[in-house]
Amino acid sequence: MRPSALLISLLGIWLGWALLIALVAIFIGQTPLLQVIWYCFGAVITVIAILDALRPGPLNQLTVSRALPHSQALGVNTEVVLSLTNNLNRPLDIELVEPPSPLLTAGGFPARLSLPPGTSQKLRYQLTPIARGNTTLAGSVLRITSAWRMWQHKWVATNTNEVKVLPNFAPIAHIGQLGLEQHIRQLGVHLAQKRGEGMEFKQLRDFVEGDSMRQVDWKATARHGRPISREYQDERNQDVFFLLDCGRRLRHKQDHLSHFDHALNAILLTAYIAIRQGDGAGFQSFAGPQRWLSPVKGANGINKLLETLYDLTNTTANSDYLQAAQQFVQRHRRRSLVVLVSNVRPEDNEDLISAVQLLAKHHVVTVASLREELLTETLNHPVGNFSEALQYCATHGHTLERKAVGTNLRARGVSFIDTEPQFLHKRLVDEYFRIKRSGRL
């Protein structure tokens, strides 16, 4: 409970009156009548304030409920609806705030509203997740003005909600609505393989212009009296494994997301497409929290992957690529596409080469390296002074060293992606289809 603006104003008038009485006493003399009125005024304020403080009413008859999805997507605004019902026999003036949370931010508070007796009102606001993980959104905090408006009583509602903040799965939901092929085109991924040129038999169909002669099924052609082609599809039942660096390399932040969050989003999107293609998607983290998920398939596969990595965080640990590769080959033997996601630096060259050589003995390997946007900005920025020239030279040298790492990897048959975080999802999907349709798996 705290004094209201009205009570503070009355106390200010009372104290100002005392100052006026003191000044009058100094220049004119004692004024008993003013003093008596001052004492009476103070007594009245005190009695009214005490009585008002003792009669807040049954505040628990005010009901507050909160409607919001149990799962939230990182960085995506969600509308929350607060419903308040006044079951008291007097009107209520309310000042309301939502409790703070380390994973969520709410806009539009404090909110002020008036509730006549026996009425309900809805308050809508935007909730924005700023970090992944599990959190509890505690009860709303209300300041309710007393009947005679002398006090504000603090009351905490019981509308507690458990909230799970997941990586941004909006692109995945978008795929489900549009259809896989249409969304892949929107990503700008080029599906180079022509129809009927996959590795696994799908069906027989009529010969169409553009089919190669080796697709013709001569027995079926003779039986039907017209050209019949075999149609193939990309081989299914393959595995795609993502090895994610949870160390300090992906802690850099760009816009409102870290490189680590960009990597998670890209992995989720690529895994979902792989699952839709009939392949399995697996996951391993290293240089931080240790998570492992064996390849999952089917309609529920992406949900299992979300449950595995939604609360994954990165640390300040150093990245040991060789150790991660050793752990992987011990746990998974079947030939797979292994995608290692990190931020490769020139000093990683020796350790990274050893790791990919170990993986490449039984698997097809792709290394995806996230590049800081600052590098591109520095190289594109005009050089205006000596300091900027030094910065440009240092950045250019660092970029050449990064390219040398990629060259060394490609020389060993390893695919290398060096991209800024916002383009990683497109590059991963593109590489997945390229390798899958090349028949290397």
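FYI, side chains are in, hydrogens and waters are out, and symmetry mates aren't considered; it's all heavy atoms of this structure. Here the structure is a predicted model, which is why all the values come from computation and not from measurement.
Going from atom CZ of R434 over to atom CZ of R427 covers 10.0 Å, rounded to the nearest 0.5 Å. With values rounded to the nearest 0.5 angstrom, K361 atom NZ is found 11.5 Å from H363 atom NE2. With rounding to the nearest 0.5 angstrom, the CG atom of L293 is 8.5 Å from the CZ atom of F283. With rounding to the nearest 0.5 angstrom, the CZ atom of R66 is 10.0 Å from the OG1 atom of T158. In this structure, F242 CZ and L340 CG are separated by 11.5 Å, a value rounded to the nearest 0.5 Å. Between L142 atom CG and I94 atom CD1 the span is 5.5 Å, to the nearest 0.5 Å.
Between the side chains of S342 and D245, at least one donor N or O sits under 3.5 Å from an acceptor N or O. Side-chain contact annotation: S258 with D261, donor-acceptor N/O pair under 3.5 Å present. S65 and N159 are not linked by any side-chain donor-acceptor pair at a separation below 3.5 angstrom, with hydrogens and angles left out of the test. Between K436 and Q277, the side chains place no donor N or O within less than 3.5 Å of an acceptor N or O (distance only, hydrogens not considered). One side chain, E98 or Y125, offers a donor N or O that lies under 3.5 Å from an acceptor on the other. No hydrogens or angles considered: a donor-acceptor pair under 3.5 Å links the side chains of N343 and E372. If you check the side chains of R248 and T315, you find no donor sitting under 3.5 Å from an acceptor. Judged by distance alone, the side chains of N86 and T119 never bring a donor and an acceptor atom under 3.5 Å apart.
The number of heavy atoms from other shown groups lying within 6.0 Å of NE2 (H396) does not exceed 12. Around the NZ atom of K164, the shell of radius 6.0 Å holds more than 12 heavy atoms that belong to other residues, nucleotides or ligands. Within a 6.0 Å sphere centred on CD of Q61, other residues, nucleotides and ligands contribute more than 12 heavy atoms. Residue-environment remark: CG (N385) exceeds the threshold of 12 foreign heavy atoms within 6.0 Å.
In this pair, Y321 and F286 present their aromatic rings perpendicular. The plane angle is above 60°, beyond the 30 to 60° band. Below 30°, between 30° and 60°, or above 60°: for F328 and H332 the angle between ring planes is between 30° and 60°, a tilted geometry.
By the 4.5 Å heavy-atom criterion applied to side chains, R412 and L409 are not counted as neighbours. Side-chain atoms of L359 and V329, non-hydrogen and from C-beta on, do get closer than 4.5 Å to each other. No side-chain heavy atom of T85 sits less than 4.5 Å from a side-chain heavy atom of L62. Counting heavy atoms from C-beta on, the side chains of T366 and I417 come closer than 4.5 Å. Side-chain contact check for D93 versus R149: some heavy-atom pair is nearer than 4.5 Å. By the 4.5 Å heavy-atom criterion applied to side chains, S294 and W292 are counted as neighbours. Considering only heavy atoms from C-beta on, I435 comes within 4.5 Å of S415 through its side chain. Contact check for V156 versus S140: no side-chain heavy atoms found under the 4.5 Å cut-off.
Q72 places a side-chain N or O within donor-acceptor distance of the main-chain N or O of P69, the cut-off being under 3.5 Å. Using modelled atom types, no side-chain atom of R226 and backbone atom of T221 make a donor-acceptor pair closer than 3.5 Å. Panel note: side chain D52, backbone M150; a donor-acceptor pair is recorded below 3.5 Å. When atom types are taken as modelled, the side chain of D351 and the backbone of D348 share no donor-acceptor pair closer than 3.5 angstrom. Judged by distance alone, with hydrogens and angles left aside, the side-chain atoms of T395 form no donor-acceptor pair with the main-chain N or O of L379 at under 3.5 Å. Within the 3.5 Å criterion, the main-chain N or O of V344 finds a donor-acceptor partner in the side chain of S369. In this structure a side-chain-to-backbone donor-acceptor pair under 3.5 Å is missing from H425 to I267.
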Carefully, step by step, assess F416 and R410 under the rule side chain to side chain contact (heavy atoms under 4.5 Å, CB included).
CA-CA 7 Å; F416 182 70; R410 294 187 185 99; 3.6 Å; yes

Under the criterion side chain to side chain contact (heavy atoms under 4.5 Å, CB included), I'd like the reasoning laid out for N349 against I353: C-alpha separation, chi angles, the key distance, then a yes or no.
CA-CA 6 Å; N349 189 51; I353 292 298; 3.8 Å; yes

Could you walk me through whether K253 and E373 pass salt bridge (Lys or Arg N to Asp or Glu O under 4.0 Å), step by step?
CA-CA 10 Å; K253 200 156 188 175; E373 192 177 36; over 6 Å; no

Step by step, work out the side chain to side chain contact (heavy atoms under 4.5 Å, CB included) result for L127 and T105.
CA-CA 6 Å; L127 189 70; T105 59; over 6 Å; no

Could you give me the CA-CA distance, side-chain angles and deciding distance for L115 and L84, then say whether side chain to side chain contact (heavy atoms under 4.5 Å, CB included) is met?
CA-CA 8 Å; L115 278 178; L84 298 91; 3.8 Å; yes

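Salt bridge annotation for K297-D279: absent, with no cationic side-chain nitrogen under 4.0 angstrom from a carboxylate oxygen. Using a cutoff of 4.0 Å between basic side-chain nitrogens and carboxylate oxygens, R335 and D239 are not scored as salt-bridged. A salt bridge links R2 to E95: at least one charged side-chain nitrogen sits closer than 4.0 Å to a carboxylate oxygen.
Every pair tested for salt bridge (Lys or Arg N to Asp or Glu O under 4.0 Å) that includes a residue from residues 312-324 fails, sequence neighbours excluded, so the list is empty.
Contact record, G384 with E388: N-OE1, 2.6 Å, taken as the closest heavy-atom pair. In this structure, A263 and V341 approach most closely via the heavy-atom pair CB-CG1, 3.8 Å. Taking every heavy atom of both residues into account, L428 and A368 meet most closely at CD2-CB, 4.0 Å. Between R249 and S319 the shortest heavy-atom distance is CG-OG, 3.9 Å. Between P58 and L88, the shortest heavy-atom distance links the atoms O-CD1, 3.5 Å. Considering all non-hydrogen atoms of both residues, R90 and S146 come closest at NH1-C, 3.8 Å.
Cation-pi geometry between R143 and W155 is not met: the NZ or CZ atom fails to fall both under 6.0 Å from the ring centre and inside 45° of the normal.
When each of L312, D311, L74, L309 is paired with P167, the side-chain contact (heavy atoms from CB on, under 4.5 Å) condition holds for L309 and for no other.
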